[in-house]
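Down below is the structure, laid out as structure tokens.
Atoms within each ligand, like the ligands themselves, are counted from 1 in listed order.
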Amino acid sequence: MGQEVRYRVRGGHALNGTAFIQGAKNAVLPMIGAALLASKGRTVLRNVPVIEDVRRALELAEYVGARVEFHEAERTIVIDATTLGDSSRAVLPAEIASRFRGSVLFVPALMHRMGRARIEGVGGCNLGSRNLDFHYRGFARLGAEVTEDPERNHINVKAENLRGGRLYLDTPSHTGTENLIMAAVLTPGTTVIEHAALEPEVLDVIEFLGSMGAKISGGGTGLITVEGVEELTAVEHTVMSDRIDAGVFAMMTAATGGDVSLVGANLDHLGVARWKLEQMGVQFTQQGAVLRVRRDPSVPLRPINAVTSPFPGFATDLQSPLMALATLAEGESYIHEAIYDGRFALADELNKMGAKIEVDGTRAIVHGPTALRGTEVIAHDLRSGAAAILAGLVAEGETIVAPAYPVDRGHSQFANRLSALGADVVREEVN
Ligand SMILES: CC(=O)N[C@H]1[C@@H](OP(=O)(O)OP(=O)(O)OC[C@H]2O[C@@H](n3ccc(=O)[nH]c3=O)[C@H](O)[C@@H]2O)O[C@H](CO)[C@@H](O)[C@@H]1O
Ligand SMILES: C=C(OP(=O)(O)O)C(=O)O
């Protein structure tokens, strides 16, 4: 038997104090991919979250030929991509790439710097079907030859004679938008992307690419225009703060009836989640770069209806913690997961803790309030793991959330940051 790493939570402590919100996972991953486009200089990324997905991304960057340093204490990455070019290394190997979703964001750099890319696997949370057809179709419309090797389950992209084109997305895919922008920045001519994603991370990536020398306009409008340039130069950039990490800490504060200042959090980035949480009884006050979150423990949480949708809609990545929070609300909450067809694995775990959640396809009804009881629960994916920890913070007794890896993929120093707020959470190895 190998070692298992897990979170152990003892409930009953209100969160109070100051929490430091990490840099955004979903911004830094495309930026690591984008840094590989630079044929000159060394990229410096600051405010990098110390999470497993970043470690995997850096392993992948090294695998394809970049020199990387992760100064974890300084939360800073230095990437030298001047060494890229050996086309025999233009591979995203399954053993690294299938461990995180962001691996797909390396394809444009491989296309431009090595002329080809072989994708042996793309990972990420298991949330039902997660297609990549918009990415591959877009690369093909820019002139790449995209072929499938069905026996091995590989995708091969050959990128000769690329030229700008008109692209559209059936739905505003987050990484799809980033990937097509990155494919277009070094492609001769003009590329237009219709129905592009509006997520704040996409805008941060556009800002980063712009400072590298890319010509991109229309970020945040849904219609993005890219004028291809000949080369990009490495720059220094500070990664925006992680709105999902902020949302999770806000909901944990609400669940425990606490009062926490979230350093670096931006209320505007919560989109509709802000209004839903306010309707439930959560109070927010933005004080410059600090977001204060409070919930009066003497007033019961109110139930809520929420439908997940692209930004500024209710973020699907906050749906699991919302479900956990809704178990505490007085009455029936309704949640429709409209982005993914398999993102309700948490419901069974919460039901093991005494919750009453009925799931019908992509719709769930949460019958609250529940006095949750601690038990052993499975972290099926990153946010359901975080949500199970949230439930553990208010449950009677001890909650074990395992495995820890899905949570560690996306939340930095989770146990330490929660303990600093008064929670009893440890990340431990057991045989
Ligand atoms: C690394 C990263 O940034 N991950 C985020 C990103 O994932 P990701 O970029 O993978 O999510 P998308 O926005 O692409 O996916 C949304 C939906 O569109 C579908 N789709 C997407 C692309 C495609 O080519 N074809 C297709 O059908 C997917 O199956 C899914 O149902 O946005 C999601 C939605 O906000 C978040 O949950 C993830 O945290
Ligand atoms: C779904 C998520 O991530 P990924 O796309 O990296 O799997 C997430 O961050 O909740």
Side-chain angles (χ1 to χ4, degrees), residues 22 24-34 49 51-57 60 97-107 119 121-141 146 155 167-183 193 195-205 239-240 242-248 269 271-273 308-322 337-343 345-346 362 379-387 405-412:
Q22 67 185 35
K25 155 182 165 286
N26 291 346
V28 74
L29 296 175
M31 285 175 194
I32 294 170
I51 55 176
E52 291 303 324
D53 268 21
V54 166
R55 295 197 175 108
R56 296 298 85 71
L60 199 55
S98 63
R99 298 193 74 190
F100 72 114
R101 186 76 181 163
S103 52
V104 71
L105 295 159
F106 280 55
V107 176
I119 303 138
V122 172
C125 289
N126 183 7
L127 312 171
S129 39
R130 299 189 74 178
N131 298 327
L132 291 170
D133 51 316
F134 309 160
H135 301 239
Y136 299 138
R137 217 168 56 207
F139 299 149
R141 279 179 77 89
V146 183
I155 303 282
L167 315 177
Y168 68 90
L169 300 166
D170 291 330
T171 57
S173 162
H174 182 151
T175 52
T177 301
E178 292 162 343
N179 240 353
L180 297 180
I181 292 173
M182 290 198 279
I193 307 170
H195 205 198
L198 308 177
E199 270 72 13
E201 295 82 3
V202 176
L203 303 192
D204 203 23
V205 172
V239 179
M240 65 174 282
D242 194 313
R243 65 195 165 98
I244 307 301
D245 191 56
V248 168
H269 290 172
V272 166
T308 63
S309 62
F311 189 81
F314 192 95
T316 171
D317 294 349
L318 289 175
Q319 182 262 107
S320 296
L322 183 76
E337 172 52 66
I339 304 282
Y340 296 114
D341 54 20
R343 202 170 203 179
L346 176 71
T362 56
H380 291 278
D381 58 73
L382 162 50
R383 308 304 172 183
S384 70
Y405 188 84
V407 178
D408 298 343
R409 274 191 51 217
H411 291 287
S412 171

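Atoms of ligand 2 found under 4.0 Å from any heavy atom of Arg101 (numbered from 1 in listed order, with element): 4 (P), 5 (O), 6 (O), 7 (O).
By the side chain to side chain contact (heavy atoms under 4.5 Å, CB included) test, Asp170 pairs with Phe134, Arg137, Tyr168, sequence neighbours left out.
Using a 4.5 Å cut-off on side-chain heavy atoms (C-beta onward), Leu105 and Glu178 make contact. Annotation: side chain of Asn179 is not in contact with side chain of Leu132 (no heavy-atom distance under 4.5 Å).
The nearest protein atom to atom 7 (O) of ligand 2, hydrogens excluded, is given as Cys125 N, 2.7 Å; this is a heavy-atom distance. The protein heavy atom nearest to atom 5 (O) of ligand 2 is Arg130 NH2, 2.8 Å. In terms of protein heavy atoms, atom 3 (O) of ligand 2 is closest to Lys25 NZ, 2.9 Å.
Scanning both residues, Asp341 and Ser129, for their nearest heavy atoms gives OD2-OG, 2.6 Å.
For the 3.5 Å distance criterion, the side chains of His380 and Asn126 fail to qualify, holding no donor opposite an acceptor. Thr175 and Arg101 form no side-chain donor-acceptor contact under 3.5 Å, judged by distance and modelled atom types alone.
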For a salt bridge (Lys or Arg N to Asp or Glu O under 4.0 Å) check, start with the C-alpha distance between Glu201 and Lys25, then their side-chain angles and the critical distance, and finish with the verdict. CA-CA 9 Å; Glu201 295 82 3; Lys25 155 182 165 286; over 6 Å; no

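Residue nearest to atom 4 (P) of ligand 2, selected from Gln319, His411, Arg409, Arg343: Arg409 (by heavy-atom distance).
Distances between N or O atoms of Arg383 and those of ligand 2 include at least one value under 3.5 Å.
At a heavy-atom cutoff of 4.0 Å, ligand 1 is surrounded by Asn26, Arg101, Ser129, Arg130, Asn131, Leu132, Asp133, Phe134, His135, Thr171, Ser173, His174, Thr175, Thr316, Asp317, Ile339, Tyr340, Arg343.
Of the heavy atoms in Leu127, only side-chain atoms (C-beta onward) come closer than 4.0 Å to ligand 2.
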